[in-house]
Amino acid sequence: MLEPSIDKLQTKINSKYTLVTLAAKRARQIQNTKMHQVENPKAATFVGLALEEILEEKLMVDPDQEIIHD
């Protein structure tokens, strides 16, 4: 099963399209920089790390679809 769950993620970002786009962009950033904002990650993949950042509200979207970090 996907962790974090899509139901939990959609409480943070309503649009599945936006969620997927944001996670993909952030996963590429994590892959390139080897840096993430999750203190105790459970994910073994870059996409999983990005999803954990979204769930922990360390990653959000502005109206122009730019990635915002806390």
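Position 1 is the first residue of the sequence; numbering continues from there.
- Looking at Glu52, its side chain never comes within 3.5 Å of a backbone N or O of Val38 through a donor-acceptor pair.
- Within a 6.0 Å sphere centred on NZ of Lys34, other residues, nucleotides and ligands contribute more than 12 heavy atoms.
- Linking Ile, Leu, Val, Met, Phe, Trp and Tyr whenever their side-chain heavy atoms come within less than 4.5 Å puts Val47 and Leu55 in one cluster.
- The two atoms that bring Leu51 and Leu9 nearest to each other are O-CD2, 3.4 Å, heavy atoms only.
- At a cut-off of 3.5 Å, with distance as the only test, a side-chain donor of Arg26 or Gln29 sits close to an acceptor on the other residue.
- For the pair Ala50 and Ala23, the tightest heavy-atom approach, listed with the atom from each and the gap, is CB-O, 3.5 Å.
- One distance of note links CD1 of Ile30 with NZ of Lys25; it measures 14.5 Å at 0.5 Å rounding.
- The minimum heavy-atom distance between Lys16 and Ile6, with the atom names listed, is CE-CG1, 4.5 Å.
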Open item on the list: Please determine whether side-chain contact (heavy atoms from CB on, under 4.5 Å) holds for the pair Gln37 and Leu49, giving the CA-CA distance in whole Å, both sets of side-chain angles, and the decisive distance to 0.1 Å.
Closed with: CA-CA 8 Å; Gln37 300 180 59; Leu49 288 169; over 6 Å; no
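- Within the 4.5 Å cutoff, the side chain of Lys12 has no heavy atoms near those of the Leu59 side chain.
- For the side-chain contact (heavy atoms from CB on, under 4.5 Å) test with Ile13, the passing option among Ile54, Thr21, Val20 is Ile54; the others fail.
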